[in-house]
Asks: 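Take a look at the following structure, please.
Along the sequence shown, residues are numbered consecutively beginning with 1. Everything numeric in this text was worked out from a predicted model, so none of it was measured.
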Amino acid sequence: VGDDPATLLRGSKAEAFSRDAVQDFMGFLHPENALITVNDSGLSSTSTDKSETSAATSEWKEEKWYGAKYRQIAIASEVMEKWNQPPAIDPLLKLPDLNKFIPSDFSLRCEDDDLSKVKADELSPTVVKTAGNSHSSIDADKKDNQRDPPNKVVDQNGLRVWTKMDRTFRVPKTSFAVSITSPKVYQTPRTITLCRLFEKVLGDDLNSLLYDAMSTGSSYSISVTPSGFRYMLGGYSEKIPDLLNTVTSRIVSLIGEMKEGKELHPDLHSKFQKATINLLRQTKNCQLDSPLETANYNGRVLIEESVWHLDNYLDEFVGVGSDDGQDRDSMTMEECAIVVEESIMNGRLATEALVMGNIRNEGALELVEVLQKILFENSPNYRPLSPDENPSFRSLKLPTKEEAKIIFPPSAAVTNGVKDMILETPSAGIPTIYQSVAVNENENNNAIEITMQTGCESQLGYEGIAILQLISHMAYPSAFNQLRTKEQLGYIVSCFLKSTAGGAVALCVDIQSATTLPEVLEERFEAWLVLFREELEMMTPAAIAMEAEAVIAGMQERDQTLSQEISRYWGEILGTQEYVGKKFSEPDFDRIDKLAGVLMCDNSASMTTPSKYDGDSSEKSKPISQPSKKTALDLKNQIIDIFDKYLAISSQDRRVLSARVYGHTSKEMFENNIGKPGFLSSYDDVRQFKQYLSSWPNAPYWGQP
């Protein structure tokens with residue numbers, strides 16, 4: 001760039017540079033034109049500040065519009081003279097260094113004629129291509145390739161790399177997504193808490209380090225999940241290697257500095273203490289979530305087999321900010337660094353990467369090589385993660401009504417003066433209820449989340465998943481119209497399909513109300529469910545087919561931006577991480593198309609509806625998935641069959657849970673239910689209850705033949 005003022009001084013608008021205009025503007029920059037304003041809520045009316053620019057000697061005044069207090073002084077001429085003729089210039093007062101993240105190459109790789117194949121012998125020894133997956137030359141035409149999935153170019157020693165060159169949106173940008181899987185992260189509440197603390201410290205540190213990168217359109221995100229660390233980098237293709245090198249190198253150096261302790265790095269220790277206090281505050285604030293959010297959380301804690309409770313995390317903060325000033329068994333910066341080092345670079349790990357955008361295969365593999373050299377090559381204890389060590393999460397089977405009678409103990413009843421033992425459950429259709437009271441004493445809303453398990457993905461298959469999505473699509477407006485609009489039970493009414501850990505599937509109904517008790521909300525839910533069944537029965541096959549076409553249209557909606565396309569493919573890849581074996585660990589990039597195909601009917605217009613991927617090519621009239629060869633009547637019968645099997649109150653296979661949250665005005669109702677069969681009123685009750693339950697298989701439905 002050099003020292004040409006035209007390249008250094010430029011406003012927010014790209015206008016022609018004028019030396020005279022700049023000089024005129026600079027002429028106004030002198031102390032006589034200065035107005036200094038100090039706003040501080042801590043200013044005292046009896047300030048003792050004796051500095052030469054202090055207004056402490058002036059009387060407080062009150063402005064007439066808002067009654068705000070202020071005082072002012074004129075800057076003394078002696079001070080003006082000192083400012084005009086300073087004895088020395090502070091060395092910190094200078095132009096910033098040139099921004100190395102400013103790109104200069106905006107060419108599109110998809111327009112290059114020479115897209116050579118990547119040779120295995122040109123790559124780092126740590127990066128080995130999978131045979132048969134080399135990148136073939138792309139034609140010089142500008143064919144839209146949004147339909148083409150990413151190619152797997154590396155699959156060896158705990159590393160899988162997927163790449164795809166963008167030829168659709170044609171922007172000179174690239175995204176690099178990385179997921180590092182480690183069984184260490186979610187091993188205990190302490191390990192994942194320490195990893196989250198590192199995430200906060202790193203984010204705070206990178207805010208200043210990557211300021212230049214952010215100002216030039218680059219982006220980054222780093223997050224901790226139960227399965228490991230994930231980060232996403234994005235920006236202009238030319239500068240992605242610099243961004244990756246900066247972020248990854250800082251991760252390694254930050255771990256090293258944290259291990260050295262607070263004596264050598266007091267500022268870093270201050271950041272760690274700040275992160276600890278902030279994470280503790282966030283964790284405590286989760287207890288103050290809305291009743292509906294709490295009900296959702298309680299349901300997940302009960303259903304998922306291996307999940308740490310909020311109380312487990314709070315226990316790790318014992319002593320932080322305590323009145324006695326002592327942190328008992330507190331988490332240290334050194335301990336945090338040791339756990340993170342094993343979780344991200346120096347333990348049993350598996351790495352998944354997706355490189356998409358304006359980049360060739362060789363460029364993508366160079367990025368992976370940078371990642372490996374910095375994180376793994378100097379880590380003596382790094383080993384590829386064995387499939388048997390892969391973190392796996394499952395969901396538990398909710399009990400049917402008959403199974404609940406076995407789990408819950410009998411209660412005593414008096415009949416004709418004779419004490420008998422009887423079995424009972426909370427209601428005719430909901431055998432298990434997990435109840436709690438809102439922690440916030442000012443919270444008077446009640447809420448329920450009804451979870452009706454419909455099986456697991458491997459048992460439902462494409463057919464069952466697609467039908468359930470159609471049922472959910474039709475159930476939402478029906479529930480909202482009946483429970484919200486007509487009965488006015490609460491401002492929040494929702495119905496949706498939910499997947500929990502390990503691929504268990506459930507239809508959920510949420511209701512939050514300030515006027516109605518949870519038990520009444522459950523009764524009205526059951527009444528609506530009967531009404532919804534009648535609505536389904538009354539719908540004509542043609543009406544069902546129209547609803548199916550709406551679902552298909554939503555599934556096949558075209559990606560509008562490159563980031564949307566990247567997120568879609570990255571989601572499909574991440575969805576395979578917890579499964580082992582080649583059959584299950586390969587993402588099915590046509591999964592959505594196959595689900596849409598299930599809902600297509602022979603007499604439906606969707607058979608000739610163009611795919612969301614079809615552009616101006618000759619493939620425009622081709623369906624992206626084979627029609628299911630069913631009639632609209634067949635589709636309706638499938639809907640009724642699934643409803644009657646999993647959702648109907650009379651079904652012997654119905655597995656349903658109600659997560660109730662009472663507002664404080666209804667606390668007495670909560671207390672009256674404690675100890676009754678079918679009611680879980682504490683986390684200890686949940687612990688005991690979960691020991692009775694078996695888990696759903698966690699094989700994916702896309703792995704079926």
Asks: According to side-chain contact (heavy atoms from CB on, under 4.5 Å), who are the partners of Tyr646, at least two apart in sequence or on a separate chain?
Replies: Thr454, Leu460, Ile642
Asks: Taking only residues at least two apart or on different chains, which pairs with a member in residues 465-509 satisfy ring pair (Phe, Tyr, Trp, His ring centres under 6.0 Å)?
Replies: none
Asks: Give me each pair satisfying salt bridge (charged side-chain N to carboxylate O under 4.0 Å, His left out) with a member in residues 499-517, each pair once, sequence neighbours excluded.
Replies: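 Non-adjacent pairs meeting salt bridge (charged side-chain N to carboxylate O under 4.0 Å, His left out): zero.
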Asks: Under a 3.5 Å threshold, yes or no: a donor from one side chain and an acceptor from the other, between Gln282 and Asn278?
Replies: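 Asn278 and Gln282 do not have a side-chain donor-acceptor pair below 3.5 Å.
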Asks: Over 60° means perpendicular and under 30° means parallel, so tell me whether Phe532 and Trp528 are parallel, tilted or perpendicular.
Replies: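 Plane angle under 30°, so parallel.
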Asks: Say whether Glu535 and Ser478, considering side chains only, have a donor N or O and an acceptor N or O under 3.5 Å apart.
Replies: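 The criterion, which ignores hydrogens and geometry beyond distance, is satisfied for Ser478 and Glu535.
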Asks: With sequence neighbours left out, write down each residue that passes salt bridge (Lys or Arg N to Asp or Glu O under 4.0 Å) with Lys690, or none if nothing qualifies.
Replies: none
Asks: Taking side-chain contact (heavy atoms from CB on, under 4.5 Å) as the definition, give me every residue that meets it alongside Thr191, ordered by chain and number, with sequence neighbours left out.
Replies: Lys184, Gln187, Thr188, Val339
Asks: Answer whether the closest heavy-atom distance between the side chains of Thr432 and Leu398 falls below 4.5 Å.
Replies: no
Asks: Is there a side-chain hydrogen bond (donor to acceptor under 3.5 Å, both in side chains) between Tyr662 and Asn673 once you walk through the steps?
Replies: CA-CA 12 Å; Tyr662 289 88; Asn673 292 326; 3.3 Å; yes
Asks: Is it true that Lys397 and Glu403 have a side-chain N and a carboxylate O under 4.0 angstrom from each other?
Replies: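 Salt bridge flag = no for Glu403 with Lys397.
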Asks: Should Arg196 and Glu199 count as an ion pair when the cut-off is N to O under 4.0 Å?
Replies: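 The answer is no: the pair does not qualify as a salt bridge.
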Asks: Test Glu522 against Ser658 for side-chain hydrogen bond (donor to acceptor under 3.5 Å, both in side chains), laying out the working first.
Replies: CA-CA 8 Å; Glu522 290 166 1; Ser658 176; 2.6 Å; yes
Asks: Applying ring-ring contact (aromatic ring centres under 6.0 Å, His included), name anything that partners Phe393, two or more places apart in sequence or on another chain.
Replies: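 Only Tyr186 meet the ring-ring contact (aromatic ring centres under 6.0 Å, His included) criterion with Phe393.
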Asks: Side chains of Thr181 and Glu352: donor-acceptor distance under 3.5 Å anywhere?
Replies: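 Judged by distance alone, the side chains do not pair up.
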Asks: Judged by modelled atom types alone, do Gln652 and Glu402 share a side-chain donor-acceptor pair under 3.5 Å?
Replies: no
Asks: Is the shortest side-chain heavy-atom distance between Leu599 and Gln469 below 4.5 Å?
Replies: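 Not in contact.
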Asks: Kindly write out the residues that satisfy side-chain contact (heavy atoms from CB on, under 4.5 Å) with Ser218, not counting sequence neighbours, or none if the list is empty.
Replies: Ala213, Met214, Thr216, Leu243
Asks: Identify, with sequence neighbours excluded, every residue that meets salt bridge (Lys or Arg N to Asp or Glu O under 4.0 Å) alongside Glu547.
Replies: none
Asks: Decide yes or no for Leu489 and Leu521: does some side-chain heavy atom of the first lie under 4.5 Å from some side-chain heavy atom of the second?
Replies: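 A side-chain contact exists here, since the closest heavy-atom pair is under 4.5 Å.
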Asks: For Lys498, give me all partners under salt bridge (Lys or Arg N to Asp or Glu O under 4.0 Å), at least two apart in sequence or on another chain.
Replies: Glu449
Asks: Taking side-chain contact (heavy atoms from CB on, under 4.5 Å) as the definition, give me every residue that meets it alongside Asn285, ordered by chain and number, with sequence neighbours left out.
Replies: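 With neighbours one apart ignored, the set is Arg281, Leu288.
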Asks: Enumerate the salt bridge (charged side-chain N to carboxylate O under 4.0 Å, His left out) contacts for residues 292-312, please, sequence neighbours excluded, ordered by first and then second residue.
Replies: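 Of all non-adjacent pairs touching residues 292-312, those that pass salt bridge (charged side-chain N to carboxylate O under 4.0 Å, His left out) are Arg300-Glu304.
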Asks: May I ask you to check whether Tyr231 and Phe176 place their ring centres under 6.0 Å from each other?
Replies: no
Asks: We want to know whether Thr516 and Asn446 form a side-chain donor-acceptor pair, criterion being a heavy-atom distance below 3.5 angstrom.
Replies: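 No, because no side-chain N or O of Thr516 sits under 3.5 Å from a partner of the opposite role on Asn446.
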Asks: Closer than 4.0 angstrom, basic N to acidic O: yes or no for Glu671 and Lys676?
Replies: no
Asks: Is there side-chain contact between Phe229 and Ser179, with heavy atoms separated by less than 4.5 Å?
Replies: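 Heavy-atom side-chain distance check fails, nothing below 4.5 Å.
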Asks: One pair to check against side-chain contact (heavy atoms from CB on, under 4.5 Å): Val301 and Asn298. What are the steps and the verdict?
Replies: CA-CA 5 Å; Val301 166; Asn298 289 345; 5.5 Å; no
Asks: State plainly whether the residues Glu519 and Arg660 are in salt-bridge range, i.e. N to O under 4.0 Å.
Replies: yes
Asks: Output all residues satisfying salt bridge (Lys or Arg N to Asp or Glu O under 4.0 Å) with Glu335, sequence neighbours left out; order by chain, then residue number.
Replies: Arg190
Asks: Do Glu257 and Arg250 sit within salt-bridge range, that is, some charged N less than 4.0 Å from a carboxylate O?
Replies: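 Salt bridge: yes.
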Asks: When you compare the side chains of Glu443 and Asn445, does any donor N or O come within less than 3.5 Å of an acceptor on the partner?
Replies: yes
Asks: Is NZ or CZ of Arg591 both nearer than 6.0 Å to the six-membered ring centre of Tyr462 and within 45° of the ring axis?
Replies: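 Cation-pi check for Arg591 and Tyr462: fails.
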Asks: In terms of side-chain heavy atoms, does Trp696 have a donor or acceptor partner in Gln453 at a distance below 3.5 Å?
Replies: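 Trp696 vs Gln453: donor-acceptor pair found between side chains.
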Asks: Which residue is it: Phe408, Phe679, Tyr434? I am looking for the one with a ring-ring contact (aromatic ring centres under 6.0 Å, His included) to Phe689.
Replies: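 Single pass found, and it is Phe408.
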